[in-house]
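Right, one structure below, let's go through it.
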Number of protein chains: 2
Amino acid sequence: MVNSRFSVAIHILSLIATTSDKSLLTSDFIAGSVNTNPVVVRRMIGVLKKAGLLSSHSGVAGYELLVEPKKLTLLAIYQAIDGPEQLFAIHDEPNPACAVGREIQHTLEDVYTSIWQAMKEQLQAQTLQDVLDQLRT
Amino acid sequence: MVNSRFSVAIHILSLIATTSDKSLLTSDFIAGSVNTNPVVVRRMIGVLKKAGLLSSHSGVAGYELLVEPKKLTLLAIYQAIDGPEQLFAIHDEPNPACAVGREIQHTLEDVYTSIWQAMKEQLQAQTLQDVLDQLRT
DNA sequence: CCTGTTGTAACCATTATAGTTACAGGTGCA
DNA sequence: TGCACCTGTAACTATAATGGTTACAACAGG
């Protein structure tokens, strides 16, 4: 299982998108909703900020989305947090003296690339707005 | 990134499928190709055996596939090794007092389920035989 | 100036992973 | 029968990832 950063990132962005009073949006408040430590939130926000998804100002509460929820695909979020494109690790240095060992890495990469492509399509097809819509129902 | 067990499992099964002299197939030999420890191989083989994909006999060298490579989908292998169906962890106990916190888990599960379905289709579409064919080229 | 906030570095506890040692017990051959 | 070789499995270890935590410098605004 991959880590929970993608889940946390979506949670944070959803919270920012749905909170109209931006002054409420402190890392402490967000951490309370996510149920984690404020530093974990600030760390994640730093990453999302670097990717251009939101803005923040040192010393002052309030985060703002820089991309409309409708235009923010889950893929963009995934890439912002540098989610892995190779989902499965390939064991190091199989024996090149063996016919299978020599070619297995390349073959597995092809298999995993096809899986990643399928995943990517799913991530591309869903936006933060879709998530927000589901939250409301 | 998920662990390398899926990769190792495919490597092991490929090796068994392509080695005609079954008496060569000791955990030591396989470990040499995978480049790991024989115990790691025997452990993995134990899992694959439990899933009915191959047979082995205590004390005697030689493993045999119990399913034709053409009929052995990567999905079956994936399920044999108990690969995760939830690829992304969802953070525990978001705050139920918050509108987002209350619903986010359920929403994320839906998102991740759609991703898993897409992955599943890819895994279902490829067989061990496809892997073997790619190894030869 | 003081309070509350962000941004970061540093550190820690927990867990997963895979490698390793060790050994009991089966197999088959000299 | 004894030996060499194998499987199966338990137990332990080193390493790395993850997420939580403490600490603090710097900033903003009343």
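The basis for the numbers below is simple: all heavy atoms, side chains too, and nothing from hydrogens, waters or symmetry mates. Residue numbering restarts at 1 for every chain, and letters A, B, ... go by the order of the sequence lines.
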Measuring from the side chain of [X] (C-beta onward, heavy atoms only), which nucleotide among [options] has the closest atom?
X	options	value
B:S58	C:dT6, D:dT9, C:dG26	C:dG26
B:N37	C:dT20, C:dG7, D:dT21	C:dT20
A:R5	D:dT18, D:dG8, C:dG7	D:dT18
B:R42	C:dG19, D:dT7, C:dG7	D:dT7
B:V40	C:dG19, C:dT21, C:dT8	C:dG19
A:V60	C:dG19, D:dA28, C:dA22	D:dA28
B:A61	D:dC6, C:dA9, C:dA18	D:dC6

What is the distance, to the nearest angstrom, from the [atom1] atom on [X] to the [atom2] atom on [N]?
X	N	atom1	atom2	value
A:N3	C:dT17	CG	C1'	15 Å
A:E93	C:dA18	CD	P	15 Å
B:K22	D:dT7	NZ	C1'	18 Å
B:I45	D:dT7	CD1	C1'	10 Å
B:I30	D:dT7	CD1	P	8 Å
B:D28	D:dC5	CG	P	11 Å
B:L24	D:dT7	CG	C1'	17 Å
A:N35	D:dG20	CG	C1'	11 Å

What's the separation between atom CD1 in A:I12 and atom CZ in A:R42, rounded to the nearest 0.5 Å?
11.5 Å
Please give me the minimum heavy-atom distance between A:I10 and A:L128, naming the atom from each residue.
O-CD1, 4.4 Å
At their closest point, which heavy atom of B:G52 faces which heavy atom of B:V67, and how far apart are they?
O-CG2, 4.2 Å
Mind checking whether A:Y78 and B:F88 have ring centres under 6.0 Å apart?
yes
Closer than 4.0 Å, any side-chain N/O of [X] to the OP1 or OP2 of [N]?
X	N	answer
A:S27	C:dG7	no
B:T36	C:dA18	no
B:S4	C:dT17	no
B:T26	D:dT7	no
A:K49	C:dT6	no

Sugar-phosphate, base or nothing in reach of B:Y63, heavy atoms under 4.0 Å:
sugar-phosphate
Students often get this wrong, so: under 4.0 angstrom with heavy atoms, is B:H91 touching a base, only sugar-phosphate, or nothing?
nothing
Distance-only side-chain donor-acceptor flag, B:K70 / B:T127, under 3.5 Å
no
Side-chain donor/acceptor of A:R43 to base of D:dT21, under 3.5 Å:
yes
Is any side-chain heavy atom of A:M119 closer than 4.5 Å to one of B:L87?
yes
